[in-house]
Each structure stands twice: as C-alpha cells, then as structure tokens.
Amino acid sequence: MTLRRYVLRRILLIVPVLVGVSMLTFALVSLTPGDPVSRMVAQNPSVTAAEEAQLRAQYGLDGPVWQQYLTWLGNVATGDFGVVYGTDRPVSAVVGRRLPETVALGVFGWLFAVGIAIPTGIYAAVRKGSVGDTVSRVFALSGVSIPNFWLGLVFVLVFVLWAGWWDVRPPREPLTHPETLWHLVLPGVTIGTATCASIMRVLRTSMAEELNEEYVTAARAKGLPERQIVWKHALRNALSAVVTVVATLTAGIVAGAVVVEVVFSWPGLGRELVEAIHGHEINLVVAITLLTAVTVVVCNLLADIIYAVLDPRIRYD
C-alpha cells in the first residue's frame, strides 16, 4: 500500500472515531445529575413550571438521550454545533474565541520541550556516564514523575506568591502583547516539562544505541568528523524512535492544558471545558472533546508520515 492510500484510509477512519467519541461524551455528560435548565431555574426561582418546560423544549432537552444525540448529530453534519444554554452564544464562536490561547500555550510548551530535550538528549548520549548525563537523567526522571498540577502549584507558590514575578490573573491585553506573553511562560513550562523529560529519555536511549552500531564505527574509521557522525547519521536514525513519542505527547499537551489553564487562570479551552462541565453545557463539552480527539488523530497520522520520510524502508500494509 502506498503512503497516499494509507493517509487517505486513515483520514476516512477519522469519521467513525469522532462519532464514537461524541457518542461516549454525550452519554457521560447526560448521565451526570442535573441539566442546564435546572441550573437556570435554580438561579431564578421565579421561573414557573410551564416556563421550565418551555425552556426544555426550546433547547431540545425534553426527549430521551438518544433522541437528543441524533438531533445534535444531524445539526453537526450541517456545521451547527449548537448554542451555550442560557446565553444562546454559538458554540463555534466560544471555541473560536478561546482556541488561540490554547494553541499559544500548546506551541510554547511544545517548543520548550523539543528545544530542551533534543540537544540535552544528544549530549547525554554522546557524553554517556558524565556529570551532565547524570543530571539530565535525574531531570528526566523527575519530569515524568511529577504531575502537571502539582508542578504548577509549586510554580505559583514560588514565582507568584513568594517572588512576585508573575501574576496568575487572566491577562487583559491581546495575545501578542508582551505582558500576555510573559503570562504564558509559567504555564508553558509547566505543560512542557513532562513532554521534555519523556523525549529526552527516549532520545538518549535511541542515540546511545545508534552510536554503538557498526556503521558509526565504520564512519569513524573513515575519518569522518564526530559532529557529522552524530548529527547527520546517528541522529537521523535515532529520530525514528522519537517521532512516536513526540506525536503522542503533543496530543497530551492539549489534554494537559485543562489542568494547567485552571491552575494559572489561563483563558483557553481547557478552562472553558471545566466551566462547561460544571454548568452541564453538553454542546460545548462535546465540541471541545471532539477538537481534542481530532488533535490526537492528526498527530498520530503526522507521525506515520514522518516515519516514511525518515526511513524510506517503511511500508504500509
């Protein structure tokens, strides 16, 4: 099977995956106690029973769960993801307003992780057994062991409460403003630390194995510069093992944004998702979950494509 046919087949498989994710998410949210109309009635006790029934009919919440899901699925097929209950804001508008903040956080965390992990992993493999290698391994072990929420709370305690260098209140300026970018540093480092540690461990192991291969010994015997051997030959082969980890952890950055955005009051989709769950905003919850699922599928598809670029021997059967 050619790479083009493989990619096409994977793209077609996205549809049933997203339908399954939406169905599961819709069912889980629907089974939780309460609903948006009950919440609105609790906030306004003057609403009569007739008005409550009218609200349920207006939002399509007066039928069984399977009927609500089929109605929602039919609307999504036309590009309508519904509205946020109570405010009647389109879900697509809410997601579009919060998406840039989450993308900025994810990109910063990804750049931090890759920018630190790749040179450190290479150095640790080349200088295996040195002090730098030991320090990098301690950092990698700590990074994969410490939960994001705990690390974020430690950063808040040290850099916000004690040092006073950062502010965890939501930024007031646009995303491109220097003050907003300064707000991005702590949550970006928090969300990228575990990813950085995992990439570093895999790259160090893979590079160490490649540097012991016979082709590296032959290259050194021919008198090739060590820099060329490391960066052009060993690293290219070692990256094949890293690609899967990078793709998986990139999707994990999106999922980890939920906790990190709440800890640092970053106004992105993760924080919006938590508020939507508390408010039983099923349309918004399913939309954000689907966006996360698309990110996971796309990241894994890109990993398979990069495999073929790095190693032409790979075939897709």
Side-chain angles (χ1 to χ4, degrees), residues 11 14-32 34-44 47 51-107 170-177 180 251 254-255 257-258 260-262 265-298:
I11 293 175
I14 292 178
V15 177
V17 169
L18 295 184
V19 171
V21 170
S22 65
M23 186 183 302
L24 181 61
T25 305
F26 203 97
L28 290 176
V29 178
S30 299
L31 290 174
T32 56
D35 58 42
V37 174
S38 300
R39 179 175 53 86
M40 288 186 284
V41 171
Q43 295 173 349
N44 188 5
V47 176
E51 291 173 336
E52 181 178 350
Q54 183 180 358
L55 284 174
R56 293 185 186 279
Q58 175 185 341
Y59 292 121
L61 299 175
D62 54 344
V65 175
W66 64 266
Q67 185 178 357
Q68 296 178 33
Y69 175 74
L70 291 179
T71 302
W72 175 88
L73 190 62
N75 293 333
V76 169
T78 63
D80 180 13
F81 285 85
V83 298
V84 177
Y85 303 119
T87 63
D88 289 333
R89 294 180 300 167
V91 168
S92 56
V94 176
V95 173
R97 182 167 60 91
R98 296 301 188 187
L99 182 59
E101 279 76 10
T102 296
V103 170
L105 176 60
V107 169
R172 298 182 296 271
E173 302 295 337
L175 188 59
T176 55
H177 194 276
T180 304
V254 178
V258 175
V260 174
E261 287 180 3
V262 173
S265 299
W266 183 256
L269 285 178
R271 188 180 174 195
E272 194 75 36
L273 176 61
V274 173
E275 295 176 356
I277 293 174
H278 289 164
H280 213 89
E281 295 288 350
I282 188 169
N283 292 335
L284 187 55
V285 172
V286 177
I288 297 176
T289 305
L290 284 179
L291 184 60
T292 305
V294 169
T295 304
V296 173
V297 173
V298 170

Nearest heavy-atom neighbours spanning [X] and [Y]:
X    : Y   : value
N283 : G82 : ND2-CA, 4.0 Å
L290 : F81 : CD1-CE2, 4.4 Å
L269 : L99 : CD1-CD1, 3.6 Å

In chain order, what residues pass the salt bridge (Lys or Arg N to Asp or Glu O under 4.0 Å) check against [X], with sequence neighbours excluded?
X    : value
R89  : none
E101 : none
E261 : none

Out of curiosity, [X] [atom1] to [Y] [atom2], how far, rounded to the nearest 0.5 Å?
X    : Y    : atom1 : atom2 : result
T102 : L105 : OG1   : CG    : 7.0 Å
H280 : S30  : NE2   : OG    : 6.0 Å
W72  : S22  : CH2   : OG    : 4.5 Å

Residues 58-68 side chain polar contacts: donor-acceptor under 3.5 Å, at least two apart:
residue	atom	partner	partner atom	Å
Y59	OH	G86	N	3.3
Y59	OH	D88	OD1	3.1
Q68	NE2	G63	O	2.8

Under a 4.5 Å cut-off applied to non-hydrogen side-chain atoms, are [X] and [Y] in contact?
X    : Y    : answer
V285 : L273 : yes
V260 : W266 : no
V286 : V21  : no
V294 : L18  : yes

Stepwise side chain to side chain contact (heavy atoms under 4.5 Å, CB included) check, I282 with T25: CA-CA 9 Å; I282 188 169; T25 305; over 6 Å; no

N/O donor-acceptor pair under 3.5 Å between T78 side chain and N75 backbone: yes

Listed partners of L24 passing side chain to side chain contact (heavy atoms under 4.5 Å, CB included), at least two apart: L28

Pairs touching residues 268-291 that satisfy salt bridge (charged side-chain N to carboxylate O under 4.0 Å, His left out), sequence neighbours left out: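 Passing the test, one end in residues 268-291: R39-E281, R98-E272, R271-E275.
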
